[in-house]
Amino acid sequence: MDGGPATVLVVDDSGPKRYLLVNWLNRAGFVTVEAENGTSALERVDREPVDLVVLDVRLPDMSGFEVCERIKEAHPSTPVIHVSAHAVDVVDRAQGLTRGADAYLAEPIEPEELVATAHAVLRYYRARRRAEQLAERLAALADATVEMHASPNFVRLLEAAASGAARIFRSPAAVVAETFDGDCLAGVAADPHTPARIVPWVVDDTGVPIGTRVRVDEPGAWALADWPDDDTVTVAAARLREDRAPLYVVVPTATQTVRTPVLVQLAQAVASAVEAQRSFDEEHRIAVTLQRSLLPRRLPEVAGLDLAVRYEPASAQTEVGGDFYELVMLDGHLLVAIGDVAGHSLHAATVMAELRHAVRAYAVEGHQPGVILDRVNELMRALLPTELATICVLLLDPSTGLIRMASAGHLPPLLSRDGRVEFVSQSAPLLGVRAPRPPDLEFVLPPGATLVLYTDGLIERRDATIDDGMAALGVVATRVDDNLDDFCQRLLVELAPPEIHDDVAVVAVRRR
C-alpha cells in the first residue's frame, strides 16, 4: 500500500495547464498520468490503479463535479482534488466539496500548495485504507478462529487455518503443523476461493523458541504453493510448549505491513486451536484405549463353530455403553455371556466392566452358569446396591453342541435352523434383586443351527411393543447369511433404528 510513489491522474482540457501540473507533481516524486476530458478520466480510473485524481472543474464533455461523483461512486477510496481558474467563489468550492472532493484549490495555485495538499490527502487515505484493511483482516481472523475451533479433527483444522489465512491476506497461504502422532502435515490454499488441500511436509524446527517469531524466507524453502513472482515469503512460527513441535503460517511478504500484527495473531490462534486438538486427540486415545479394554479384544477360534458380534453404543462420545458380551474358551467349553446394565452412560459402562470381569472370574473358577449368576448377584447387591442389570450366561460344548444356560431377566436367545426360529426362554429375576432363581436350562445346538443373543436396543421401538420387536427379529433371522458377520450387520441394519437411542449388542454362534 505504501511501497512506492503515488500515481496521480491529472485531468484538464488545457494542455499548457496540464503540463504545468504534471511537471510540479513529477518534481515532487509522484508518478503522473493524464486525461483531457471527463470520459477518458473515468475510463483510466477504471482501467489502471490511480492513487489520487487532480481534477479541473470545467471540462468539455461534463463537469468536474459529475466526474468526481462518479469516481467516488465506483472507487470510494480514491481521493480527488479539484482545481479551477474560473469556479473560484464560495458556492463553487462548497459544491465541489459537497459532491465528494477532498480538497479544492483555486488558481493561481502555488506548486508547494498543490504538492502539500496532495501529500496531506494521500496521508489521510492511506491511513484510512490501512485501518479498513486491518478491520477486514481482524474480522476474517475472527471467522477463521471460530472455524478452526469448530473443526472435528486435525485435518479439517489445518484446512480451515489455511483457507482462513488465504482469505485474510487475499493470497496463497500455507499452514504447517504436527499431529499428536508426530505426522507433519501442511494445509495449502492456492487462493481465497479454492478449498485447501492437505499434503505431508517436513520442517526443521531446531531452535524455535517458545512464543511467536516472524521471519522472511525464500519461496523455495516453502515450495507448497505458487507464490507470487519476485517476492519472498513471510513465516510466522509459533510454539506454546517445549514438548510440542512448532507450527508455521506462510504467506507472501507483499501482503505484510511493517509490524505484521495480524499474521502474528493468526499464528497464535492456530497454535491455540492445534494445541486444543492435540490435547483432545491425546485424551481421546487414552479414553478409547481404556474403553476398548472393557470388551473382548478378539473372538476365540473354536473348531466347529462360527462366531460373530456387533456392538453399537448409544452415545457418540464413547465407544462402550451399558451393554456387554463375552466369548472365551474355558476347559474345552465356550463361555458366552451377554448383558445390559440399566442406562447407557459412561457410568453404566463402568458398572458393565465390573460385572463382565466378575462373570469371567467366577467362570474361571469352574462354576456352572446358575452359580455364576448367583455369585455375581451377591457381589452386585453388596458393592453396587443401586444398580440393576440383565444377563444371560451359557456354556457350550463345541463337540456335542450341548448348552447349559442361565438367565437373569434377559431377553431369550433365538435359535435359527433351516428357516425356522424359536426363542429359548427362561424366566428369572434381574441382577440386583434378592429372589430365588430357576435351575439351569439345558438344550442342544444342532449342526447348522445358529444361536443369536442380543440386547433390547436391537428390537425395542418407541412406537412398538417388545413382542413386536421380537417378532420382527424372528422374521429377519429365518435366513442366516453364509458369512456370520454379514448376518449380524444385517440384523442391525434391518432392526435397529437409524438413530440408535440405546446400546446394542449382538452375538451369533453357529455350529458347523
Side-chain angles (χ1 to χ4, degrees), residues 1-2 129-179 184-199 201 203 205 208-219 221-228 231-241 244-280:
M1 185 183 299
D2 305 69
R129 288 175 192 170
R130 284 194 295 269
E132 290 174 348
Q133 182 193 65
L134 179 61
E136 291 173 359
R137 288 183 171 184
L138 290 176
L141 172 63
D143 293 340
T145 302
V146 171
E147 290 181 16
M148 287 187 288
H149 283 281
S151 300
N153 53 54
F154 198 90
V155 168
R156 294 285 294 278
L157 189 158
L158 276 186
E159 291 173 345
S163 296
R167 290 194 301 270
I168 291 169
F169 299 109
R170 299 182 181 179
S171 69
V175 177
V176 181
E178 190 174 286
T179 69
C184 192
L185 301 176
V188 183
D191 55 62
H193 312 292
T194 303
R197 56 189 176 88
I198 301 297
V199 297
W201 191 254
V203 180
D205 57 13
V208 177
I210 299 295
T212 306
R213 299 290 187 276
V214 178
R215 68 175 188 261
V216 176
D217 283 350
E218 291 299 321
W222 301 89
L224 290 162
D226 293 330
W227 305 113
D231 193 10
T232 56
V233 293
T234 297
V235 182
R239 191 172 198 166
L240 299 185
R241 293 167 39 177
R244 301 293 201 200
L247 61 88
Y248 304 86
V249 180
V250 188
V251 295
T253 300
T255 64
Q256 299 305 299
T257 57
V258 176
R259 295 180 57 242
T260 64
V262 178
L263 181 62
V264 171
Q265 292 178 45
L266 174 62
Q268 292 169 347
V270 176
S272 175
V274 165
E275 180 59 30
Q277 185 64 50
R278 284 171 173 167
S279 298
F280 173 80

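Given the structure is predicted, the values throughout are model-derived calculations rather than measurements. All values below come from the heavy atoms of this structure, side chains included, with hydrogens, waters and symmetry mates left out.
With sequence neighbours excluded, no residue satisfies side chain to side chain donor-acceptor pair (under 3.5 Å) with N153. With sequence neighbours left out, R213 forms a salt bridge (Lys or Arg N to Asp or Glu O under 4.0 Å) with no residue at all. Partners of R137 by salt bridge (Lys or Arg N to Asp or Glu O under 4.0 Å), not counting sequence neighbours: none found. Residues satisfying the salt bridge (Lys or Arg N to Asp or Glu O under 4.0 Å) criterion with R167, sequence neighbours excluded, are E147. Every residue meeting the side-chain contact (heavy atoms from CB on, under 4.5 Å) condition with L138, not counting sequence neighbours, appears here in chain and number order: L134, L141, V262, Q265. Annotation: side chain to side chain donor-acceptor pair (under 3.5 Å) contacts of T232 (sequence neighbours excluded): T253. In terms of the side-chain contact (heavy atoms from CB on, under 4.5 Å) criterion, residue partners of A177 (sequence neighbours excluded) are, by chain and number, F154, L158, L247, V274. Partners of D143 according to the salt bridge (Lys or Arg N to Asp or Glu O under 4.0 Å) rule, which considers only residues two or more places apart in sequence or in another chain, do not exist here. In this view, S151 satisfies the side chain to side chain donor-acceptor pair (under 3.5 Å) rule with no residue, not counting sequence neighbours. For the side chain to side chain donor-acceptor pair (under 3.5 Å) test, no residue two or more places apart in sequence or in another chain qualifies with W227. With sequence neighbours excluded, no residue satisfies side-chain contact (heavy atoms from CB on, under 4.5 Å) with D226.
Rounding to the nearest 0.5 Å gives a distance of 8.5 Å between OG of S272 and CE of M148.
Across every non-hydrogen atom of P152 and Q277, the tightest pair is O-NE2, 4.2 Å. Taking every heavy atom of both residues into account, P246 and V208 meet most closely at CB-CG1, 3.7 Å. Scanning all heavy atoms of the two residues, the minimum distance from A166 to A173 falls at N-CB, 3.7 Å. Looking at every heavy atom in both residues, A162 comes nearest to G187 through CB-O, 3.3 Å. Shown here for I168 and A140, the closest heavy-atom pair between the two residues is CG1-CB, 3.5 Å. In terms of heavy atoms, P209 sits closest to R239 at O-CB, 3.5 Å.
Within the 3.5 Å criterion, the main-chain N or O of P252 finds no donor-acceptor partner in the side chain of D231. Not a single donor-acceptor pair under 3.5 Å links the side chain of T194 to the backbone N or O of D191.
Considering only heavy atoms from C-beta on, L224 stays 4.5 Å or farther from V250 through its side chain. Between I198 and E159 there is a side-chain heavy-atom pair separated by less than 4.5 Å. You'll find the side chain of V176 reaches within 4.5 Å of the side chain of C184, heavy atoms only.
The aromatic rings of W222 and W201 sit parallel, their planes meeting at an angle under 30°, below the 60° perpendicular limit.
Evaluation of the salt bridge (Lys or Arg N to Asp or Glu O under 4.0 Å) test over residues 267-280, restricted to residues two or more places apart or in two chains, returns R241-E275, R244-E275.
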